[in-house]
K.L.:
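My questions will all concern the structure given below.
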2 protein chains.
Amino acid sequence: MLTIGKLAARAHVTPDTLRYYEREGLIEPPEKSAAGYRLYGDDDVVRLHFIRQAQDCGFTLAEIRTLLSLRSREAACCGEVRALAVAKNRQLAARIKAMRAMTRTLDRLIAACDDTGRPIDRCPILSAFNGTPR
Amino acid sequence: MLTIGKLAARAHVTPDTLRYYEREGLIEPPEKSAAGYRLYGDDDVVRLHFIRQAQDCGFTLAEIRTLLSLRSREAACCGEVRALAVAKNRQLAARIKAMRAMTRTLDRLIAACDDTGRPIDRCPILSAFNGTPR
DNA sequence: GTGCACCCTGGAGCGGGCTCCAGGGTCAAG
DNA sequence: CTTGACCCTGGAGCCCGCTCCAGGGTGCAC
């Protein structure tokens, strides 16, 4: 049996985060001691690890809640999980694409602005930002 | 002279956004009519275009405020702007790298989970999320 | 028996970029 | 002269994932 601080240390999060996850329905309210202390078991360590891994794949806490509910629903099938993963991957791809467009623009501007001593009113970067509205 | 609604339409934003920008110091409080209506000039259209372009390069409004202040400071030199662009580019690169790691992981999991009819307790994706804590 | 680290609850705050609301005033067309 | 579209201010709310706080109780070592 782990108190919240011990579990938090094991999961590399803070007790505040665990109480937050509980409020958000990501972890079950655990058994409590006579004094009202939360007492966790080893399966909670696993569950927190699951949450972390899913976060590392870009899932939001709301999405992770869905994944967790699928996991504990007998009738669920693997395809539902897969579909969520595919959707997330598409979302990530779109965001990466947008960010790559930004870096390409910046690369171009930085290259144009090689002479660092130029006065500000002739800075190619600032002129580009002012440039003609589409 | 443009009222806030006209300027907003021209800049493809809402009046609320313009008032927000004013509060945040991104645009100057404009001249006001007798009735207290904001009256903008053409330079405000340019300034808003600048803000939009900078946003499209990934700069936050706070950073854009800095860019704008550099732009209107005589003593500023082009190198300061360039440094901000380089820093932003590095930040973007780091974020892209993190997101690419996510998509690679998801690609792997999705590939492992080809049989969509599998019962949930043998889903390779969920097992991976449960998998051994590092 | 006292000090200190831990635990509890409830609620607020943050960053970022808006968005929306109430409760008013103003302007122009018909 | 009325209607409807616009404008004003101030402040609250939203999403997301925490983080921190006040004001209390508990557990254990010295």
Side-chain angles (χ1 to χ4, degrees), chain A residues 1-40 44 47-68 88 91-92 95 98-99 102, chain B residues 1-40 44 47-68 88 91-92 95 98-99 102:
Chain A
M1 287 294 150
L2 300 161
T3 59
I4 198 168
K6 305 289 182 199
L7 176 60
R10 237 181 245 198
H12 307 291
V13 296
T14 68
D16 271 336
T17 298
L18 295 183
R19 283 186 282 254
Y20 171 71
Y21 283 178
E22 185 179 319
R23 277 200 299 282
E24 293 297 303
L26 286 155
I27 57 182
E28 296 293 314
E31 184 186 346
K32 295 214 182 172
S33 76
Y37 284 24
R38 288 172 180 79
L39 296 173
Y40 297 95
D44 291 304
R47 194 175 180 95
L48 285 169
H49 181 63
F50 182 101
I51 293 170
R52 165 61 59 100
Q53 299 272 99
Q55 273 186 313
D56 287 349
C57 283
F59 288 103
T60 65
L61 294 186
E63 289 160 348
I64 294 170
R65 197 165 38 210
T66 303
L67 289 172
L68 285 165
K88 177 55 62 182
Q91 192 184 87
L92 285 171
R95 293 218 294 252
M99 293 176 75
M102 292 178 188
Chain B
M1 286 295 151
L2 301 161
T3 58
I4 198 168
K6 305 289 183 199
L7 176 59
R10 237 181 246 199
H12 307 291
V13 296
T14 68
D16 270 337
T17 298
L18 294 182
R19 283 187 282 255
Y20 170 70
Y21 284 178
E22 185 179 320
R23 276 200 300 282
E24 293 295 305
L26 286 156
I27 56 182
E28 297 292 315
E31 185 186 344
K32 295 216 182 171
S33 76
Y37 284 24
R38 290 173 178 78
L39 296 174
Y40 297 95
D44 291 305
R47 194 177 179 94
L48 284 169
H49 181 63
F50 181 101
I51 292 170
R52 166 60 60 100
Q53 298 273 99
Q55 273 187 314
D56 287 348
C57 283
F59 289 102
T60 65
L61 294 186
E63 289 160 348
I64 295 171
R65 196 164 40 210
T66 303
L67 289 172
L68 286 166
K88 177 54 62 182
Q91 193 186 88
L92 285 171
R95 293 218 293 252
M99 292 175 74
M102 291 177 188

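Just so it is clear: chains get the letters A, B, ... in the order the sequence lines come, proteins before strands, and each one is counted from 1.
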K.L.:
Give one of base, sugar-phosphate or nothing for B:T3, where a contact means two heavy atoms less than 4.0 Å apart.
P.N.:
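Contact class for B:T3: sugar-phosphate only.
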K.L.:
D:dC7 P sits how many Å from B:M1 CE, rounded?
P.N.:
16 Å
K.L.:
Does a nitrogen or oxygen in the side chain of B:K6 sit under 4.0 Å from OP1 or OP2 of D:dA5?
P.N.:
no
K.L.:
Taking side chain as C-beta onward, heavy atoms only, is B:R38 less than 4.5 Å from B:P15?
P.N.:
no
K.L.:
For B:I4 and C:dC27, what is the distance between atoms CD1 and P respectively, to the nearest whole Å?
P.N.:
16 Å
K.L.:
Quick check: any donor-acceptor pair below 3.5 Å linking the side-chain of A:Y37 to the base of D:dG25?
P.N.:
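Present.
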K.L.:
Considering every strand and a 4.0 Å limit on heavy-atom distances, what is the contact class for B:R38: base, sugar-phosphate, or nothing?
P.N.:
sugar-phosphate
K.L.:
Do A:D16 and A:R19 meet the salt-bridge criterion of a basic N to acidic O distance under 4.0 Å?
P.N.:
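Looking at A:R19 and A:D16, the cut-off is met.
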K.L.:
Is A:Q55 touching bases, backbone alone, or none of the nucleic acid, heavy atoms closer than 4.0 Å?
P.N.:
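Counting heavy atoms under 4.0 Å across all strands, the contact made by A:Q55 is with sugar-phosphate only.
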K.L.:
Please determine if a side-chain N or O atom of A:R19 lies less than 4.0 Å away from the OP1 or OP2 oxygen of C:dT9.
P.N.:
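No, because none of the side-chain N or O atoms of A:R19 sits under 4.0 Å from OP1 or OP2 of C:dT9.
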K.L.:
Does C:dT19 have OP1 or OP2 under 4.0 Å away from a side-chain N or O of B:T17?
P.N.:
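It does, given that an N or O in the side chain of B:T17 lies less than 4.0 Å from OP1 or OP2 of C:dT19.
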K.L.:
Determine: side-chain N/O of A:Y21 to OP1/OP2 of D:dC18, distance under 4.0 Å, yes or no.
P.N.:
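Affirmative; the distance criterion is met.
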K.L.:
What is the distance, rounded to the nearest whole Å, between atom CD1 of B:I27 and atom P of C:dC18?
P.N.:
12 Å
K.L.:
More than 12 heavy atoms of other residues, nucleotides or ligands under 6.0 Å from CZ of A:R10: is that the case?
P.N.:
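12 or below, so no.
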K.L.:
Can you measure B:Y20 atom OH to D:dC14 atom P for me and round it to whole angstrom units?
P.N.:
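Atom-to-atom, B:Y20 to D:dC14, this comes out as 17 Å.
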K.L.:
Taking side chain as C-beta onward, heavy atoms only, is B:Y20 less than 4.5 Å from B:L61?
P.N.:
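Counting from C-beta outward, B:Y20 and B:L61 do come under 4.5 Å.
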K.L.:
B:L7 CG to D:dC6 P: how many Å, rounded?
P.N.:
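Rounded to whole Å, this separation is 15 Å.
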K.L.:
Would you indicate which nucleotide in C:dT26, D:dT9, D:dT19 comes nearest to any side-chain atom of A:D16?
P.N.:
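Within the option list, the nearest is D:dT19.
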